[in-house]
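Take a look at the structure set out below.
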Amino acid sequence: MATKLSVNINKIATLRNARGGNVPDLLKFASDCERYGAQGITVHPRPDERHIRYQDVIDLKPLLKTEFNIEGNPREQKFIDLVLKTKPAQVTLVPDVTGQITSNHGWDTITHKDYLKDVIALFKNVGIRTSIFVEANIKMIEVAKETNTDRIELYTESYAKEYPTSKEEAIAPFVIAANRANELGLGINAGHDLSLENLNYFAKNINGLLEVSIGHALISDAIYLGIENTIQLYLRQLKNIL
Ligand code: PXP
């Protein structure tokens, strides 16, 4: 079974919010990603709503035809209420602190086991699949199983960072982590700093990788890969005027 690509559209919301209007149109962008083959859409609303707003999440739900994945820290009651109201295919729980630029650590499942168990039950009871963001650490994954989560999302920043120096060393802890998750019957997602450069090697080496969610590199690539065509279109508007 091929790994699903879920496109994280936070950056599109950041760009829109910079001008206060509706350009680019986040809802159209999400639908177009699906039309172009994305198999899921990911959003990560944060309490300060600096990119995805809570209302965006509500507006996206009826439009989407693929898997909707909402990420966030369930410490905020507003986040829990939003997810329960929206009922996405999947909620990914992330231990972000307020104001953090981007996610930079996985759950300490040992310290937060009982808490995670409670919030996971809350979402699973209404049919929402759960995933929790964890590092490639066997102990954290073994305890993740005890929280009753359906899946884990492997935090891939360390892989991405080490990949240019030694892809073999970069992938090694993730192979071990994924093998243990598979033995335990946990589904495996992955994300953070995955890119055109490092994605294929990761997917080839991780058994049972169900989904990757990618934002920063994918949106940056879309700008580069689209800029040549866009400049031609603008130049055409300026031709033969005088
Ligand atoms: N997974 C989680 C939990 C994240 O917080 C993020 C970033 O919002 C991603 C995946 C995607 O990371 P990137 O933007 O580097 O592709």
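Counting starts at 1 for both ligands and their atoms, following the listed order. We count residues from 1, following the sequence as given. Just so it is clear, the model here is predicted, and its values are computed rather than measured.
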query: side-chain hydrogen bond (donor to acceptor under 3.5 Å, both in side chains) with Lys124: which residues, sequence neighbours excluded?
result: Asp150
message: Tell me which pairs pass salt bridge (charged side-chain N to carboxylate O under 4.0 Å, His left out) where either residue lies in residues 223-236, with sequence neighbours left out.
response: none
message: Regarding Lys4 and Glu67, does a basic nitrogen lie under 4.0 Å from an acidic carboxylate oxygen?
response: yes
statement: Sorted by chain and residue number, the residues having a heavy atom closer than 4.0 Å to an atom of ligand 1 are Asn8, His44, Glu71, Val94, Thr102, Ser103, Phe133, Glu153, Gly191, His192, Asp193, Ser213, Ile214, Gly215, His216
- prompt: Under 4.0 Å between a Lys/Arg side-chain N and an Asp/Glu carboxylate O for Lys28 and Asp32?
  reply: yes
task: Find out if a path of hydrophobic residues (ILVMFWY) with successive side-chain heavy-atom gaps under 4.5 Å connects Ile188 to Val143.
output: no
Qualifying side chain to side chain donor-acceptor pair (under 3.5 Å) pairs with a residue from residues 205-214, counting only residues at least two apart or across chains: Gln90-Glu211
